[in-house]
Colleague: 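Quick one: structure below, then a few questions.
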Amino acid sequence: RGGSAIPGGPPRSRLAVVIDGVAMGDDEARALWVRFSQYMDEHQGDLAGFAASEGLSSVVPEHRKGQAVLVVTRRPGPPS
């Protein structure tokens, strides 16, 4: 596990997911990372295909302060 985000706090996960600017919980983030990794093993570089398979608009992996982060955008909802 990574270091603590807050001194004396719980260790920070090395994997994270941010959906539309909101951080996903560790367990859900880890599960999405597992699906992402499995998909990429079979479809190297197909970020758009993975996003579509999850019903998302886009997925972009980034490295932020020692964490691997999937930056996710959901599909826009229907117009009001």
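By convention here, the first residue in the shown sequence is residue 1.
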Colleague: Rounded to the nearest 0.5 Å, what separation is found between the CZ atom of R30 and the CZ atom of R14?
Modeller: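 Reported to 0.5 Å precision, the distance equals 12.5 Å.
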Colleague: How far does OG of S13 sit from CG of D27, to the nearest 0.5 angstrom?
Modeller: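 Those atoms lie 9.0 Å apart.
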Colleague: Rounded to the nearest 0.5 Å, what's the gap from CZ on F50 to CD on E42? Could you check?
Modeller: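 Rounded to the nearest 0.5 Å, the CZ-CD separation comes to 12.0 Å.
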Colleague: For L15 and A29, which heavy atoms make the closest approach, and how far apart are they?
Modeller: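 Shortest heavy-atom separation between L15 and A29 comes out as O-CB, 4.5 Å.
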Colleague: Indicate the atoms forming the closest heavy-atom contact of A51 with S58, along with that distance.
Modeller: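 That would be CB-CA, 3.9 Å.
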Colleague: For residues L32 and V72, determine if any side-chain heavy atom of one lies less than 4.5 Å from a side-chain heavy atom of the other.
Modeller: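 Result yes, sub-4.5 Å side-chain heavy-atom pair found.
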Colleague: Side chains of R64 and V71: does their closest heavy-atom pair fall under 4.5 Å?
Modeller: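 Answer yes - side chains close enough.
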Colleague: To check you understand the geometry: which heavy-atom pair defines the closest contact between G45 and M40, and what is its length?
Modeller: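 Scanning both residues completely, I find the closest heavy atoms to be N-SD, 3.7 Å.
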Colleague: Mind checking whether L47 and F36 have side chains closer than 4.5 Å, heavy atoms only?
Modeller: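 Side chain of L47 against side chain of F36, heavy atoms only: contact under 4.5 Å found.
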Colleague: Looking at CZ of R74 and CG of D20, how far apart are the two atoms once the value is rounded to the nearest 0.5 Å?
Modeller: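 The CG atom of D20 is 6.0 Å from CZ of R74, to the nearest 0.5 Å.
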Colleague: Indicate if V18 and M24 have the same hydrophobic cluster label, given that clusters are the connected sets of ILVMFWY residues with side-chain heavy-atom separations under 4.5 angstrom.
Modeller: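 V18 does not cluster with M24.
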Colleague: Does CZ belonging to R35 count more than 12 external heavy atoms closer than 6.0 Å?
Modeller: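 Count over threshold, so yes.
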Colleague: State, to 0.1 Å, how close P61 and W33 come at their nearest heavy-atom pair, and which atoms those are.
Modeller: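 Taking P61 first and W33 second, the nearest heavy atoms are CB-CH2, 4.4 Å.
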Colleague: Is there a continuous path of hydrophobic side-chain contacts, each under 4.5 Å between heavy atoms, that joins I19 to V69?
Modeller: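 No, it is not one cluster - the side chains of I19 and V69 are not joined through contacts under 4.5 Å.
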Colleague: Identify the heavy atoms of Y39 and D46 that sit nearest to each other, and give their distance.
Modeller: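 Heavy-atom minimum between the residues: OH-OD2, 3.0 Å.
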